[in-house]
Amino acid sequence: MTTRSALLVLADGRFPAGGHAHSGGAEAAVKAGRIRDAADLESFCRGRLHTTGLTSAALAAGAAHGLDPYALDAAADARTPSPALRDAARKLGRQLMRAARIAWPSNELDLLAGAFPRGAHQPVVLGTAARGAGLGPEDAAHCIAYETVGGPATAAVRLLSLDPYQATAVLARLAPEMDRVAERAAAAARQGVDALPAASAPLLDLAAEQHAAWPVRLFAS
């Protein structure tokens with residue numbers, strides 16, 4: 001049975017899934033001068049939402065729909081050319097798995113954890129957790145869509161001392177687009193792994209590799 005409260009728990013920034021340690025590429029973008037104010041943040045988040053956000057949302061929706069998690073993890077690998085981002089996705093998946101198995105114990109989560117001891121990709125874990133919580137593909141896709149823009153917005157507040165009210169307004173303005181991305185992702189998931197989007201953002205991949213080499217950084221990615 002789908003429960004809206006479970007969706008709120010899974011999407012809550014206080015859920016101990018490790019996302020607070022990652023900027024979603026915002027730290028590198030700030031250093032490069034691509035994010036200087038709220039307008040830049042909105043453009044960055046919009047671009048991320050419609051590329052890697054759509055791809056990740058579809059992977060999560062596929063897991064929530066019950067598609068083969070091994071095929072989904074392989075699809076996530078193929079859609080993540082940056083080694084640094086693949087590593088970050090698996091670390092986040094491992095952290096999310098720990099929290100999800102306590103919150104919503106399920107045989108599917110146990111099997112996924114056993115198959116990927118170093119961590120499955122985070123969207124695959126999130127979708128499997130959503131399924132265990134009684135949520136559907138749209139719910140999982142909405143969680144990822146929100147994370148995709150929420151992480152950079154929160155990071156920008158810390159990196160730029162950006163007014164948090166302005167950062168929240170950015171998220172509010174992007175809300176209709178988040179809904180559309182989630183709907184598109186869920187629709188693709190119902191057609192199978194081969195139909196999942198593979199939208200990419202090469203600049204994010206390049207920036208992630210540069211960021212990983214920094215000797216000092218505030219965020220893990």
message: In the structure I gave you, are the side-chain heavy atoms of Glu138 and Glu183 within less than 4.5 Å of one another anywhere?
response: no
- prompt: Same cluster or not: are Leu203 and Trp214 linked, directly or through other Ile, Leu, Val, Met, Phe, Trp or Tyr residues, by side-chain heavy atoms under 4.5 angstrom apart?
  reply: no
message: Tell me whether Met178 shares a hydrophobic cluster with Ile144, the cluster being built from Ile, Leu, Val, Met, Phe, Trp, Tyr side chains joined at under 4.5 Å.
response: no
task: Taking the side chain as every heavy atom from C-beta outward, state whether Ser200 and Thr51 have any atom pair closer than 4.5 Å.
output: no
field: side chain to side chain donor-acceptor pair (under 3.5 Å) between Glu209 and Ser82, intermediate numbers included
entry: CA-CA 7 Å; Glu209 292 303 307; Ser82 163; 2.5 Å; yes
query: So which of Val170, Thr168, Asp163 actually passes side-chain contact (heavy atoms from CB on, under 4.5 Å) with Gln166?
result: Asp163
message: What I want to find out is whether Arg90 reaches Asp77 closely enough, with some N-O distance under 4.0 Å, to be called a salt bridge.
response: yes
query: Donor-acceptor pair, Asp139 side chain versus Gly136 backbone, under 3.5 Å?
result: yes
query: Hey, are the side chains of Leu112 and Tyr70 touching, using non-hydrogen atoms and a 4.5 Å cut-off?
result: no
- prompt: Out of curiosity, Ser23 OG to His211 NE2, how far, rounded to the nearest 0.5 Å?
  reply: 5.0 Å
field: Rounded distance (nearest 0.5 Å) linking atom CG of Leu7 with atom OH of Tyr146
entry: 12.0 Å
message: Quick check against the 3.5 Å criterion: does Arg79 have a side-chain atom that pairs as donor or acceptor with the backbone of Thr55?
response: no
- request: Please tell me if the side chains of Leu49 and Glu177 come closer than 4.5 Å, counting only heavy atoms from C-beta onward.
  value: yes
field: Glu147 versus Gln122, side-chain donor and acceptor atoms under 3.5 Å
entry: yes
- prompt: Is the side chain of Arg217 donor-acceptor paired with the backbone N or O of Ala212 at a distance under 3.5 Å, no angle test?
  reply: yes
message: Could you check whether any side-chain heavy atom of Val193 comes within less than 4.5 Å of a side-chain heavy atom of Asp68, counting everything from C-beta outward?
response: no
field: Distance, nearest 0.5 Å, that separates CG of Leu85 from NE2 of His22
entry: 10.5 Å
message: Counting C-beta onward and ignoring hydrogens, is there a side-chain heavy-atom pair between His121 and Phe116 closer than 4.5 Å?
response: no
query: How far apart are the closest heavy atoms of Ala129 and Ala100, and which atoms are they?
result: CB-CB, 3.7 Å
- request: Could you tell me whether Asp40 and Arg34 make a salt bridge, using a distance below 4.0 angstrom between a side-chain N and a carboxylate O?
  value: no
task: Please round to the nearest 0.5 Å and tell me the distance separating atom CG of Asp205 and atom CZ of Arg86.
output: 9.5 Å
- line: Output for pair (Leu67 CG, Arg131 CZ), nearest 0.5 Å, gives 9.0 Å
query: Is a side-chain N or O of Arg48 found less than 3.5 angstrom from the main chain of Phe44, in a donor-acceptor match?
result: no
message: Count I, L, V, M, F, W, Y as connected when their side-chain heavy atoms are under 4.5 Å apart, and connections chain through other members. Are Leu54 and Leu92 then in the same cluster?
response: no
query: Do Glu27 and Phe219 touch side chain to side chain, with heavy atoms closer than 4.5 Å?
result: yes
- prompt: Atom CD1 of Ile35 and atom CG of Leu159: how far apart are they, to the nearest 0.5 Å?
  reply: 8.0 Å
field: Arg36 and Leu160, any side-chain heavy atoms less than 4.5 Å apart
entry: no
